[in-house]
Structure formats: C-alpha cells, structure tokens
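This report concerns only the one structure given below.
What you see is a predicted model, and the numbers here were worked out from it, not measured in a lab.
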Amino acid sequence: MSSADFQTHFALTLQQFCEERFITPEQLSDLQWYQLIAQTSQQYILQNFPKNPPLAYTRKVNYLSMEFLIGRLLGNNLMNLELYDSVEQIVAKYGKCLMDILEQERDPALGNGGLGRLAACYLDSMATLSQPAIGYGLHYQYGLFRQSIGWSGEQREEGDYWQRDFYPQQHHRADLAQTVGFGGEVQHREGDHYDWQPEWTISGKAFDLPVVGYKGIQQPLRLWQGYSETAFHLEKFNDGNYLQAEQNTINATKLTKVLYPNDNHQHGKALRLMQQYFHCACSVADIVRQHLAQGRTLEQLPEFEVIQLNDTHPAIAIPELMRLLLDQHHLSWEQAWDICRHTFAYTNHTLLPEALEQWDQHLIAKLLPRHILIIEQLNHELYQQVKAEFSPQEFAQVWQETALIMHSRVRMANLCVVGAFAVNGVAQIHSDLVANDLFPAYARLFKGKFHNVTNGVTPRRWIRQANPALSQLLDKHIQGDWTQDLDRLAQIEPLAKNSEFQTAYDNVKQKNKQALAQLIQAELGIEVNCNAIFDVQIKRFHEYKRQHLNLLNIIASYQSLKANPAQNFVPRVFIFSGKAAPGYFMAKQIIQAINGVANVINHDPTMKNRLQVIFLPDYRVSLAEKIIPAADVSEQISLAGKEASGTGNMKLALNGAITLGTLDGANVEIADYAGQENVVIFGHTVESIKQLRANGYISKQYYENNLELKHAIDALANGTFSNGDTTRFASLVNDMLNHDYFCVLADFAAYRQAQAQIAARYQNKTTWLESTILNTARLGKFSSDRSIRDYQTRIWKK
C-alpha cells in the first residue's frame with residue numbers, strides 16, 4: 001500500500017466508520033478519530049511489514065530489556081511513515097486538529113526511566129538504520145504505576161491499566177506461544193546432560209508492537225504475557241469453589257501484572273526472579289526457533305545472532321541458553337559454552353552496588369534447579385581460570401571480586417561479564433569506571449572485552465515530534481535531512497550570534513514555555529511566570545540523582561527572599577517530575593518534601609512571579625515531550641561517578657536548555673562538545689569524592705559551617721513545610737545530617753554558586769541565546785543513530 005493508496009483506503013474506512021455509527025465525520029469525537037486513524041495506520045504497517053528493503057547487516061540483534069518506555073506511538077508512526085501531513089490535512093477538512101486527536105492515546109506502561117527510554121530509542125534507530133533487530137520485553141498489564149499526589153504531598157500509586165479501552169498498535173502472535181517451567185527436580189542423564197521436570201509451568205503469549213523507523217522500516221518489539229493453559233477448572237467451579245476455579249490463570253498472570261514487583265519481602269523477590277526468567281526463557285526459545293527455521297546450525301548462532309543484555313535483569317538468559325543447548329539439543333559443555341560466550345553482549349548501566357543484582361543461591365535452586373547447576377559449574381571453571389591467571393598473593397582478593405557465587409549470593413553482573421563477548425558502559429567516564437573501579441580484575445582477565453558506547457536519543461521523537469516549532473526553524477536553515485543525520489545541526493552554529501536567528505529561536509522557546517504554562521494551569525491550577533527561568537529536573541527519584549540538593553537550594557532562595565525582598569532576584573520556576581519506586585522510602589520522602597515546600601512557596605503572595613515550585617505528577621514520555629522543549633535549565637546534579645550516562649541531559653540540551661550539572665555521566669561529553677562556556681559545571685569530581693571519603697566524610701560539619709544550609713535543613717525539620725509536623729521529614733533530615741552517602745551537603749555551597757551563575761547569565765539575553773543555540777548546534781553526536789553505529793562497529797561486528 002503506497003501513501004496515495006493509504007489516503008484512498010483512509011477515505012473508504014472513514015466512510016464505513018461513520019456509516020456504522022450513523023454520524024458524519026464532523027460529529028466524530030477526538031477519541032473516535034483516534035480509533036479510526038490508529039486502526040488504519042496499523043493496517044498500513046502490517047501490510048507493508050514484508051516489504052522492507054534488503055537489510056544491510058546479517059547479524060541480527062536481539063535486545064533483551066525489562067523495560068521499553070516507548071511513549072505514544074501513533075504520532076511517531078505517522079511521522080516516520082511520512083503520513084503525518086496527509087492525515088493532518090484530512091482531519092482539518094472536518095474541523096479537527098490532529099494534535100488534539102493524538103492526545104487521546106495512553107502511554108504504554110512498559111517502562112520506568114532512562115533504561116527503558118534508551119531501549120525505545122535504540123529500537124527506533126535500529127529500524128531507521130536497517131539493522132535487523134527484535135526487542136524482547138514483557139507485556140505488563142499495569143506497568144509501574146500511575147502516580148498522583150496526596151493531600152500531604154505524598155506519592156500515591158494505583159494500577160495503570162493502559163490497555164483498558166483501546167490499544168490497536170499491538171497484535172497477538174498466537175503462533176509464537178512458549179511454555180516456561182519452574183521448580184521441580186533435576187535428574188542426571190549422562191555427562192553434562194540433565195533432565196529437568198518442572199513442578200509447574202506457565203505459558204507465554206506473544207504480542208508484537210511494530211517499531212516504525214524513519215521512512216517506514218518496521219521491526220517488532222515482542223512482548224511476553226503470562227497465562228495458564230488450564231485457564232478454568234470446571235470441576236472446582238461445579239463443587240462451589242468459585243474463587244479457586246480460575247486460580248491457575250490468576251497465578252500465571254501475576255508474572256506480568258507490574259513492572260519490578262516490590263522485592264523488599266521474600267514473596268516479592270521470588271516473583272521478580274520468576275518474572276526475569278519468564279522473560280528470558282520465552283525470548284531465548286524464540287531466538288533459537290527463528291535461527292533454526294532459517295536452516296542454520298546451532299554452531300552458527302553467534303555468526304547470525306547477538307543477544308544484547310540491557311543491564312543485569314536478563315542475565316539468567318545465559319544459563320537458559322546453556323540449558324537449551326545441553327539438555328534439549330545435546331551439545332557438549334564445551335560446544336555450548338563456546339556458543340554462549342560468543343552470542344551474548346552486556347551493557348552495564350550502573351555502578352551502584354544495590355543495583356548490581358544478586359540473587360539468593362537457594363532461591364534460584366528452588367525455582368530454577370537446573371540453572372543453579374549450570375551457574376555453579378561456570379563458577380568452578382572461573383575459579384580455575386582465576387587461580388591460573390593471578391599470583392597466590394592476589395588470588396584471594398581477586399576471587400572476592402570475580403566469583404559468580406559469593407556468600408550464597410549469585411552475582412548477576414559477574415555472570416554477564418563472564419558470559420558475554422563484550423561489555424560496554426554508556427558514557428566515557430562511566431565505561432572507564434566500569435573497567436577500572438567496578439571490574440578491574442575482569443579487565444585484566446578478559447583483555448579487549450570492555451568498551452564504551454555513549455548513549456543517544458532519537459531526534460525523530462525528541463526534536464521532530466516533541467518540538468515542532470524548533471523543527472520548522474531548523475528545516476529553514478539546514479540543508480539535508482537532519483533527522484537522519486543529526487550532525488547537520490552544526491549548520492546553525494554560524495547563526496548563534498545572528499540577532500534575527502536568536503529572535504526566532506527565542507520565540508520558539510517562549511511558545512513552548514507558554515504551552516507548558518497552560519498545561520500546569522490546567523493540571524495544577526497554578527499560573528506560572530513565562531518570563532522566569534524554567535529550571536527543570538525530570539527523572540526517576542533516587543538519592544544519587546539528588547533532587548534534595550535542588551530542594552535545599554530552593555528553600556535557601558525562599559528564605560533569602562523573605563529576609564531581603566528588595567534584592568535583585570531573577571525569577572525562577574522550578575519544575576520537577578518523576579516517580580519513586582513503591583518500596584523506596586527515602587525517594588518518596590524527597591517527593592513529599594518537594595510538594596511540602598511547593599505548597600508553602602506557591603501560596604506565599606510575596607513570591608508571586610518571583611519563585612514558584614511545580615511538581616507535575618505521573619511522569620511519562622508524553623509529559624516529557626511537553627516539558628523538555630520549554631526548559632531553560634537542565635538539572636543534571638547526580639553525585640559524580642554515580643550516573644552512568646543520562647539521556648534526559650541530551651534531550652534537554654538539544655532542545656536548547658543549559659546543562660547545570662556535575663562532571664558525571666554524559667555531562668562530561670556534553671560539556672566537551674557544547675563548550676565549557678555553554679554549560680555550568682559544579683561540585684566534587686569522582687577523584688575528590690574518593691578523597692573526601694578517605695578523609696572521613698562528616699556531613700554535619702557542612703551543616704554547622706554554612707548558615708544558609710543550616711537554616712534550610714532546620715526549616716525541613718521544624719515543620720515550616722509540613723503544617724507544623726516536625727516528624728514528617730525527620731528521616732530525610734536525619735539521613736542528610738548523619739549519613740549523606742551521596743554528599744548533598746558537601747556540594748551545597750558550590751551548587752548555590754552555580755545557580756547564581758545561571759541567574760547572571762540569563763540576564764544577558766544575547767549571550768544566553770548564543771549558548772542555547774550552540775547547545776543545539778554542537779550536540780549532534782548524541783543521536784541514538786550514532787550510538788547504534790558504534791554498537792555495529794565496536795560490539796556487534798563479526
């Protein structure tokens with residue numbers, strides 16, 4: 001079906017759609033228009049699926065990730081299929097606005113933060129670059145959760161049933177169903193081969209969401225959903241056990257109810273491990289099935305397939321492939337391990353010890369008895385390898401670092417490193433830390449295995465779709481298609497000092513700020529000052545991301561203004577959005593504290609048009625698409641060495657926000673490319689943090705020696721921002737004063753100075769605009785297309 005054929009088909013479908021409802025096109029609601037357009041475009045995608053051009057690479061990438069934060073798909077698909085303008089013109093004939101219609105779509109609740117959004121960007125780029133790929137994830141019924149804010153500022157969570165009414169972009173693949181076992185017994189057969197008889201099984205349904213690359217290349221995101229083949233027990237029902245009659249179905253569907261079930265109790269840990277194995281077992285079986293269906297041998301698997309592990313969540317895929325090769329296909333241990341270690345690649349996304357997953361050895365033995373035998377054998381072989389490689393004096397320390405099993409804990413990051421042919425970090429500073437600090441012994445043992453691939457974002461969604469006003473301006477001044485070659489943004493660099501271009505660029509920013517202000521007014525009933533600096537921190541809530549450092553500065557600014565109202569103060573609107581994991585108490589405390597401070601400041605008439613604090617609930621891709629184009633300042637203030645990369649920093653900078661950040665993650669490379677004079681960097685470095693800890697970091701000394709900091713923390717403690725309740729933020733205050741692992745208090749003074757520098761720069765409109773334009777012009781490197789090309793040449797090459 002060509003584009004012209006699509007328009008003809010759309011017209012006929014519209015006519016039929018209206019006749020069935022006995023209404024005219026003018027009478028269709030926005031929701032009905034959405035349903036019509038979504039169904040028609042999905043038919044177009046599926047009909048064109050077999051007509052992809054020849055693929056440029058023979059090695060297919062199987063991208064395993066527990067998250068794919070794909071965002072709304074309809075507008076993105078129409079744009080990439082080059083149908084957006086046609087559909088916009090059609091609906092305009094009937095008095096409708098396509099942008100309003102697209103607002104009817106729900107964000108699929110398939111991810112949480114940067115990890116899942118990066119996976120979505122990479123699928124977009126792989127489809128755009130004709131890199132054969134399949135994304136493998138889980139078909140969550142409720143995803144993470146839908147966030148709202150309670151009366152005292154606390155985060156509230158409810159299920160996000162994103163498919164409840166209508167979600168046409170997916171289609172069920174009944175032909176791809178899998179069966180996954182758990183528990184049971186293992187019996188030795190012969191040699192390295194065993195028989196596993198699971199105690200119970202769960203079936204996996206496959207749902208495909210076509211990923212539409214730019215110019216219409218399509219590849220699947222395949223999502224697995226748990227269900228039971230014995231869905232209904234008629235005998236129990238007839239005996240009156242009505243609730244037990246469907247218990248198998250209830251138990252099976254628990255696996256894919258939510259993203260990351262709470263694992264601060266034993267049942268939650270078991271469910272999370274089962275969820276990860278279910279994902280990997282379905283995916284690995286599908287990969288092997290496709291490979292063999294091509295008439296290829298198992299020995300050829302590494303030649304034609306790469307299994308890319310997106311963090312440690314899918315690490316159990318390594319022993320699962322070993323199990324299939326050994327027990328189902330009867331290969332020798334040496335053959336199976338050679339295939340595995342040349343098939344898997346591992347992307348590390350974190351240095352945080354608590355995020356480097358470890359599982360109780362006994363829990364794995366109970367749920368996956370065959371897999372624990374494989375892991376134990378791999379651990380034994382690794383022991384021999386480490387013993388042979390390192391001196392007796394080094395061995396004990398090196399084994400502590402490298403063992404797959406230590407103190408009855410299975411270390412999944414170690415399993416990934418041992419089982420992968422390549423390990424990469426996601427920013428240069430992070431990759432260096434992975435090799436030198438996290439896995440130095442592995443770097444010696446496996447020379448040439450460690451790499452860097454700096455993350456990127458897709459310009460199709462994060463500029464073209466999210467910021468149409470900026471896109472139109474870029475189209476006027478850039479020769480060639482910058483959405484396929486983001487380095488072309490450099491063509492606007494000579495215009496950075498041009499007053500006419502600066503005015504046009506500023507008009508784009510003001511238009512976006514006004515649009516966000518309207519959203520804030522509609523959602524929160526707060527009227528914000530669009531002439532103020534829009535200072536934005538949008539990301540999942542975690543102590544290392546240090547939203548509470550931002551908060552302490554806001555409190556100090558408020559207290560300063562109250563003490564000296566006549567001071568020259570550049571107006572600010574501080575905008576937060578993000579979710580805290582349901583079981584993460586301290587992150588939820590920070591959200592509550594932000595909302596408590598916002599409630600006081602926003603109701604203080606002396607702060608009107610000077611200082612405002614906004615928390616937009618239920619952070620999601622579609623909300624980010626509205627906030628990012630409006631941002632003046634991008635808060636990237638994690639403790640140096642803790643943020644692997646970040647991708648929000650790239651999106652914000654490309655859309656003309658000045659990075660205010662530490663030398664952490666991709667901030668380092670953003671500063672290098674944008675120019676140090678076009679960002680604001682502050683705070684301790686990785687090296688100085690190490691020295692600070694070595695000297696014995698005592699956070700309370702900073703509190704006692706800095707009056708602004710002391711008064712800000714005291715205000716949190718004494719009930720100023722909690723209606724007099726002195727206990728509400730006691731845990732947060734106690735942590736900052738007596739622990740402060742992420743050195744918030746140590747960086748407070750430098751952060752205040754950096755904020756003053758931002759204010760001074762903003763008052764010089766000409767130089768501010770020059771810096772924002774240069775951020776857009778110079779950061780073409782941070783396209784996910786470039787990231788995928790790096791993977792192709794550094795990781796996925798034969």
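For the salt bridge (charged side-chain N to carboxylate O under 4.0 Å, His left out) test, residues two or more places apart in sequence or in another chain that qualify with K579 are D618. For T793, there are no side chain to side chain donor-acceptor pair (under 3.5 Å) partners at least two apart in sequence or on another chain. Not counting sequence neighbours, E635 has no partner by the salt bridge (charged side-chain N to carboxylate O under 4.0 Å, His left out) test. D286 pairs by the side chain to side chain donor-acceptor pair (under 3.5 Å) definition with Y136, R222, R289, Q290, not counting sequence neighbours. Remark: R546 pairs with D747 by the side chain to side chain donor-acceptor pair (under 3.5 Å) rule, at least two apart or across chains. Every salt bridge (charged side-chain N to carboxylate O under 4.0 Å, His left out) that D437 has, sequence neighbours left out, goes to K690. Scanning for side chain to side chain donor-acceptor pair (under 3.5 Å) contacts around K366 gives an empty result, with sequence neighbours left out.
C340 has its side chain within reach of L325: a pair of non-hydrogen atoms, C-beta onward, lies under 4.5 Å apart. I670 is listed as a side-chain neighbour of L779, based on a closest heavy-atom distance under 4.5 Å. Here the side chains of I134 and K60 are in contact, with some heavy-atom distance below 4.5 Å. Looking at heavy atoms from C-beta onward, Y122 lies in side-chain contact with I788 at the 4.5 angstrom threshold. Side-chain contact between Q385 and T402 is absent, with no heavy atoms from C-beta onward closer than 4.5 Å. Two residues are said to be in side-chain contact when any heavy atoms from C-beta on lie closer than 4.5 Å; S783 and V457 fail this criterion. Within the 4.5 Å cutoff, the side chain of C743 has heavy atoms near those of the R693 side chain. Annotation: side chain of L110 is not in contact with side chain of L69 (no heavy-atom distance under 4.5 Å).
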ask   = Taking it one step at a time, do W224 and T256 satisfy side-chain hydrogen bond (donor to acceptor under 3.5 Å, both in side chains)?
value = CA-CA 8 Å; W224 303 103; T256 48; over 6 Å; no

key: Steps toward ring pair (Phe, Tyr, Trp, His ring centres under 6.0 Å) verdict (H371, Y277)   = CA-CA 10 Å; H371 298 74; Y277 176 62; 4.8 Å; yes

task = Could you please spell out the steps behind the ring pair (Phe, Tyr, Trp, His ring centres under 6.0 Å) verdict for Y702 and Y697?
result = CA-CA 10 Å; Y702 292 86; Y697 175 54; 5.7 Å; yes

task = Take H542 and Y544 through the test ring pair (Phe, Tyr, Trp, His ring centres under 6.0 Å) and record every step on the way to the result.
result = CA-CA 5 Å; H542 195 293; Y544 88 81; 4.7 Å; yes

query = What's the verdict on side-chain hydrogen bond (donor to acceptor under 3.5 Å, both in side chains) for N310 and S65, showing C-alpha distance, side-chain angles and the deciding distance?
reply = CA-CA 5 Å; N310 195 31; S65 179; 3.0 Å; yes

inquiry  = side-chain hydrogen bond (donor to acceptor under 3.5 Å, both in side chains), that's the test. Do Q547 and K539 meet it? Break it down for me.
reply    = CA-CA 9 Å; Q547 284 96 343; K539 51 187 77 234; over 6 Å; no

request  = Begin with the C-alpha distance, continue with both residues' side-chain angles, and end with the deciding distance and a verdict on side-chain hydrogen bond (donor to acceptor under 3.5 Å, both in side chains) for Q335 and S332.
outcome  = CA-CA 5 Å; Q335 288 174 310; S332 70; 3.3 Å; yes

query = Under the ring pair (Phe, Tyr, Trp, His ring centres under 6.0 Å) criterion, do F390 and F395 qualify, and how do the steps go?
reply = CA-CA 6 Å; F390 293 91; F395 175 76; 8.4 Å; no

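Between Y791 and W796, the ring planes are parallel. Angles under 30° get that label, and only those over 60° would be called perpendicular. Below 30°, between 30° and 60°, or above 60°: for W200 and F182 the angle between ring planes is below 30°, a parallel geometry.
In this structure, CD in E190 is found 10.0 Å from CG in D195, a value given to the nearest 0.5 Å. If you take CG on L404 and CD on Q377, they are separated by 11.0 Å, rounding to the nearest 0.5 Å. For the atom pair CZ (F68) and CG (L221), the distance works out to 5.5 Å, reported to the nearest 0.5 Å. Taken to the nearest 0.5 Å, the CG atom of L356 stands 12.0 Å off from the NE2 atom of H349. Note that CG of N452 is 9.0 Å distant from OG of S645, once rounded to the nearest 0.5 Å. To the nearest 0.5 Å, the span separating CD on E305 from CD1 on I339 amounts to 12.5 Å.
Judged by the 6.0 Å and 45° rule, R59 forms no cation-pi pair with F304. Geometric assessment of R540 against the ring of Y584 yields a negative cation-pi assignment under the 6.0 Å and 45° thresholds.
With a 6.0 Å radius and a threshold of 12 heavy atoms from other residues, nucleotides or ligands, Q187 has its CD atom at or below the threshold. The number of heavy atoms from other shown groups lying within 6.0 Å of CD (E299) is above 12.
Between R789 and D785 no salt bridge is recorded (no basic side-chain N to carboxylate O distance below 4.0 Å). Ion pairing of D664 with K642 is absent here, as no side-chain N (NZ or NE/NH1/NH2) approaches a carboxylate O to less than 4.0 Å.
Evaluation of the ring-ring contact (aromatic ring centres under 6.0 Å, His included) test over residues 409-453, restricted to residues two or more places apart or in two chains, returns F439-Y442, Y442-F446. Evaluation of the ring-ring contact (aromatic ring centres under 6.0 Å, His included) test over residues 310-344, restricted to residues two or more places apart or in two chains, returns Y260-H313. For residues 178-188, no pair satisfies salt bridge (Lys or Arg N to Asp or Glu O under 4.0 Å), with sequence neighbours left out. Legend: salt bridge (Lys or Arg N to Asp or Glu O under 4.0 Å) pairs involving residues 409-435, not counting sequence neighbours: none detected. Within the structure, the salt bridge (Lys or Arg N to Asp or Glu O under 4.0 Å) test picks out the following pairs touching residues 376-399 (sequence neighbours left out): E394-R444.
Using modelled atom types, one side-chain atom of Q300 and one backbone atom of T297 make a donor-acceptor pair closer than 3.5 Å. Looking at N667, its side chain never comes within 3.5 Å of a backbone N or O of L663 through a donor-acceptor pair.
E67 and N112 share no donor-acceptor pair across their side chains, judged by distance under 3.5 Å alone.
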